[in-house]
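Below is one structure, written out as structure tokens; comments come after it.
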Amino acid sequence: MKILCVLYDDPVKGYPPVYARETIPMIQRYPDGQTTPSPERVDFRPGELLGSVAGALGLRRFLEGSGHTLVVTSDKEGPNSRFEQELPDSDVVISQPFWPAYLTRERIEKAPKLKLAITAGIGSDHVDLKAANERKITVAEVTFSNSISVAEHVVMMILSLVRNYLPSHDWARGGGWNIADCVERAYDLEGMQVGTVAAGRIGLAVLRRLKPFDVGLHYTDRHRLPSQIEAELGLTYHPDAASMVPHCDVVTINCPLHPETEHLFNDALLSKMKRGTYLVNTARAKICDRDAIVRALESGQLAGYAGDVWFPQPAPKDHPWRTMPHEGMTPHISGTTLSAQARYAAGVREILECWFAGKPIRKEYLITEGGRLAGVGAQSYSV
Ligand code: NDP
């Protein structure tokens, strides 16, 4: 089989000759009890850079040793890209949300042999799921592999916005000692009301991590959490985002991008927020209206916006979120720490081992199968 894998570019200064840490903690189970990926073996050392082209998700020896062809590229845009050139005779496509190879309907039509699309990470919105279903292409992702990685990033971004960390750091780097300039926008998180749109794996992990900060916690989701979790965390449930946001000082977005959530945060919803709300979006950029976010920051309706998700990815140099006021943006990195890479690389290997052996892929990894939403996809997505 031919496996076409699209990964982000290698570091500009070359592969790290040595890593910052010798080892990474090995996690056996996720908070809900689900086991971490369990391939028969892996051919990499956890903690290595696997997510860029030369790392090849640690799959090269396994795939080539079993007689398959592996093509790895970062060149993914437009009809002359290596991705489009290699697609027509590929059986399997592997892509990452951080550097998404958009599997549009047109591209799916150009790939008659394509049967499996694997997301190395979580979030398969870069695949046209309707078109994939029509062709009975299986779409799978490595559920939970980087949920805690993202939750940690969310907490970091909330604290850095509220406490005005990045501008203060700039003063320090620039040789200044301008305390008043640093603190004129700095607050404590303690006592604020924090709400999450969705309390799935990431959203709930964010709520759990914020509990010790003595904040009021709010959520909205399509399904309500068990009452004992609501009681344990002191959660206030709201039926939808519009009814939740007026109560919040900080809002974090943790739902998938699908037709129900696209452009949910538009001028109308932003105008329902308290003036000076902080918004953190590590879910997907298109859940927000790009220009409405810029307007809200310029007017002061939002006090800050941070996140790591953009549209398109990579974001063009002139994307307004790079330069809007009071932003704390990063490239799409929250779910691709070296710790997360070890888990999703192992998860991709597990999915491939199952696929080659004709064994069922874990239900929790499935988004679509046999022409319909399946497994975790049937729970969280709509087409
Ligand atoms: P989960 O599937 O565990 O949680 C998603 C939750 O969103 C579910 O509880 C689901 O509801 C809920 N939901 C769906 N639609 C709506 C809606 N219209 N309003 C409110 N809630 C809704 O996923 P994760 O927590 O693991 O990941 C969430 C998203 O985060 C991913 O889809 C991905 O887009 C993004 N992500 C980003 C990463 C990054 O690196 N920045 C990495 C990983 C994920 P229910 O199931 O109850 O119906």
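In each ligand, atom 1 is the first atom listed, and ligand 1 is the first ligand listed. Hydrogens, waters and symmetry mates play no part in the numbers below; they use all other heavy atoms, side chains included.
The residue from S147, A340, S149, P97 that puts a heavy atom closest to atom 26 (O) of ligand 1 is S147.
Between T330 and M157, some side-chain heavy-atom pair lies under the 4.5 Å cut-off. A 4.5 Å side-chain heavy-atom check between R284 and F311 finds every atom pair outside the cut-off.
Heavy-atom separations between F144 and ligand 1 are all 4.0 Å or longer. Under a 4.0 angstrom heavy-atom cut-off, H258 registers as being in contact with ligand 1. For the ligand labelled ligand 1, residue G121 lies outside the 4.0 Å heavy-atom shell.
Of all the atoms in ligand 1, the ones that sit under 4.0 Å from a non-hydrogen atom of P256 are 5 (C), 7 (O), 13 (N), 14 (C), 32 (O). Each of the following atoms of ligand 1 lies closer than 4.0 Å to a heavy atom of C255: 7 (O), 22 (C), 29 (C). Less than 4.0 angstrom separates some heavy atom of G335 from each of these atoms of ligand 1: 40 (O).
Contact annotation for N146 and ligand 1: only side-chain heavy atoms (C-beta onward) come within less than 4.0 Å of the ligand. Contact annotation for N254 and ligand 1: only backbone heavy atoms (N, CA, C, O) come within less than 4.0 Å of the ligand. If you look at T261 next to ligand 1, the close heavy atoms, those under 4.0 Å, all belong to the side chain.
Remark: R163 fails to qualify as a cation-pi partner of Y187 under the 6.0 Å distance and 45° angle criteria applied to the six-membered ring.
Residues F356 and H68 bring their aromatic ring centres within 6.0 Å. Side-chain rings of H332 and W310 stay apart, their centers remaining 6.0 Å or farther from each other.
Annotation for F213: atom CZ does not count as buried by contact number, only 12 or fewer foreign heavy atoms lying within 6.0 Å.
In terms of heavy atoms, Q313 sits closest to V309 at OE1-CA, 3.5 Å.
Not one N or O on the side chain of T282 forms a donor-acceptor pair closer than 3.5 Å with the backbone of V150. A donor-acceptor pair is defined here as one N or O able to donate and one able to accept, closer than 3.5 Å; such a pair exists between the side chain of H319 and the backbone of W321.
Checked by distance only, ligand 1 and T220 stay at 3.5 Å or farther apart across all their nitrogen or oxygen atoms. The shortest N or O to N or O distance between L257 and ligand 1 is not below 3.5 Å. Backbone and side-chain nitrogen or oxygen atoms of D125 are examined, and none is located within less than 3.5 angstrom of a nitrogen or oxygen of ligand 1.
Closest protein heavy atom to atom 27 (O) of ligand 1: I202 CD1, 3.3 Å. In this structure, the protein non-hydrogen atom closest to atom 4 (O) of ligand 1 is G200 CA, 3.3 Å.
In summary, E232 and K211 do not engage in a salt bridge, as defined by a charged side-chain N under 4.0 Å from a carboxylate O.
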